[in-house]
Amino acid sequence: MYGIGPVYGGIVLALTVAAAVCRNLPVFATGHISTLRIPLLVIGILLILLGIFMWIHANFISKIDDGINNCRLVTTGIYAWVRNPIYSAIMIACTGVIFIVGNVYFLILPICFWGLLTVLLKATEEKWLHEIFGQEYEDYCKRVNRCIPWKR
C-alpha cells in the first residue's frame with residue numbers, strides 16, 4: 001500500500017523542478033538573493049542530506065515494509081522523531097533544492113509542501129491508521145510530530 005506517497009511526491013517534485021527551471025526567467029529576476037548565496041547553498045545541501053538520511057533510515061533501518069506486512073505500528077528509529085519520515089524526507093530534500101535555487105519568490109513552496117502534506121495525511125492515512133490501531137495510534141500522535149522531525 002503506497003498511500004498518498006506517489007501523489008504527494010509527484011506534486012512536490014514537479015513544483016521543485018519547475019522552480020529550478022524557472023528561477024532565471026525574467027519575471028523572477030528580482031527575486032534572486034545573491035547576498036545570501038553561500039548560506040542558502042550550505043543550508044540547502046544540509047537539508048538534502050537530511051532528507052536522504054531520513055528516507056534511508058525509514059525504508060531500510062526502521063524497515064517500514066516489515067511493519068506494514070505484519071500489521072504493526074512502527075514507532076521506533078526515525079519513526080520516534082517523525083510520524084511520516086518518508087514524506088518528510090521528500091519535503092525536506094525538495095526544500096533544500098528550493099534554498100539552493102536562491103530565489104525569494106520560491107521560498108513560499110516549502111510552506112505549501114508542508115500544508116499539502118498535512119491536508120493529505122489528515123484526509124487519508126491518519127484516518128486509516130486510527131481505524132487500524134486505535135488508541136495506540138492516538139498515543140503515538142501525541143508523542144510524535146506529523147511532518148517535522150522533533151524529539152520531545
Side-chain angles (χ1 to χ4, degrees), residues 1-23 28 31 33 39-152:
M1 181 167 85
Y2 291 105
I4 62 159
V7 173
Y8 177 74
I11 292 169
V12 170
L13 288 172
L15 289 171
T16 302
V17 168
V21 169
C22 295
R23 70 179 175 218
F28 298 114
I33 312 170
L40 289 175
L41 180 66
V42 170
I43 292 168
I45 290 170
L46 291 174
L47 288 172
I48 291 169
L49 292 174
L50 175 61
I52 292 168
F53 169 81
M54 288 175 61
W55 188 86
I56 290 170
H57 203 289
N59 282 295
F60 301 112
I61 297 170
S62 293
K63 299 182 181 175
I64 186 63
D65 288 344
D66 290 346
I68 292 170
N69 292 334
N70 297 317
C71 196
R72 179 178 49 87
L73 185 64
V74 178
T75 61
T76 58
I78 193 75
Y79 288 88
W81 289 72
V82 62
R83 292 194 311 253
N84 303 283
I86 296 171
Y87 304 145
S88 295
I90 294 167
M91 175 183 68
I92 290 168
C94 287
T95 297
V97 173
I98 297 299
F99 273 69
I100 290 170
V101 164
N103 192 306
V104 72
Y105 293 121
F106 300 118
L107 291 179
I108 190 70
L109 287 177
I111 296 166
C112 295
F113 297 164
W114 172 82
L116 177 63
L117 182 56
T118 299
V119 168
L120 288 174
L121 286 171
K122 282 184 171 184
T124 59
E125 291 186 20
E126 288 185 359
K127 288 181 181 179
W128 304 334
L129 290 168
H130 186 267
E131 289 173 13
I132 295 169
F133 298 107
Q135 188 62 45
E136 181 185 7
Y137 184 68
E138 283 184 38
D139 294 342
Y140 176 58
C141 290
K142 290 176 186 173
R143 291 190 319 270
V144 180
N145 288 333
R146 176 183 294 118
C147 306
I148 307 296
W150 189 260
K151 187 73 172 169
R152 293 186 187 197

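The chain is numbered in sequence order, starting from 1. Quick caveat, the model's predicted, so the values are computed rather than measured.
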Can you sort out the partners of [X] under side chain to side chain donor-acceptor pair (under 3.5 Å), two or more places apart, ordered by chain and number?
X: Tyr8; result: none
X: Glu136; result: none
X: Thr75; result: none

Counterpart residues, ring-ring contact (aromatic ring centres under 6.0 Å, His included), relative to Tyr137 (two or more places apart)
none

Among all residues two or more places apart in sequence or in another chain, which pass the ring-ring contact (aromatic ring centres under 6.0 Å, His included) test with Phe133?
none

Nearest 0.5 angstrom please: [X] [atom1] to [Y] [atom2], how far?
X: Leu13; Y: Ile90; atom1: CG; atom2: CD1; answer: 6.5 Å
X: Ile11; Y: Leu116; atom1: CD1; atom2: CG; answer: 5.0 Å
X: Trp114; Y: Arg146; atom1: CH2; atom2: CZ; answer: 8.0 Å

Would you check if [X] and [Y] make a side-chain contact, meaning some heavy-atom pair closer than 4.5 Å?
X: Ser88; Y: Asn145; value: no
X: His57; Y: Trp81; value: no
X: Met91; Y: Pro110; value: no
X: Leu107; Y: Ile98; value: yes
X: Trp55; Y: Ile86; value: yes
X: Thr16; Y: Phe113; value: yes

Sorted by chain and number, sequence neighbours left out, side chain to side chain contact (heavy atoms under 4.5 Å, CB included) with Leu49 holds for Ile45

Over all heavy atoms of both residues, which pair between [X] and [Y] is shortest? Give the atoms and the distance, please.
X: Gly51; Y: Ala89; value: O-CB, 3.1 Å
X: Pro85; Y: Met54; value: O-CE, 3.8 Å
X: Cys147; Y: Leu117; value: SG-CD2, 3.5 Å

Checking the side chain of Arg23 only, and the main-chain atoms of Asn103 only, is there a donor and an acceptor separated by less than 3.5 Å?
no

Ring centres of Phe106 and Phe28 under 6.0 Å apart?
yes

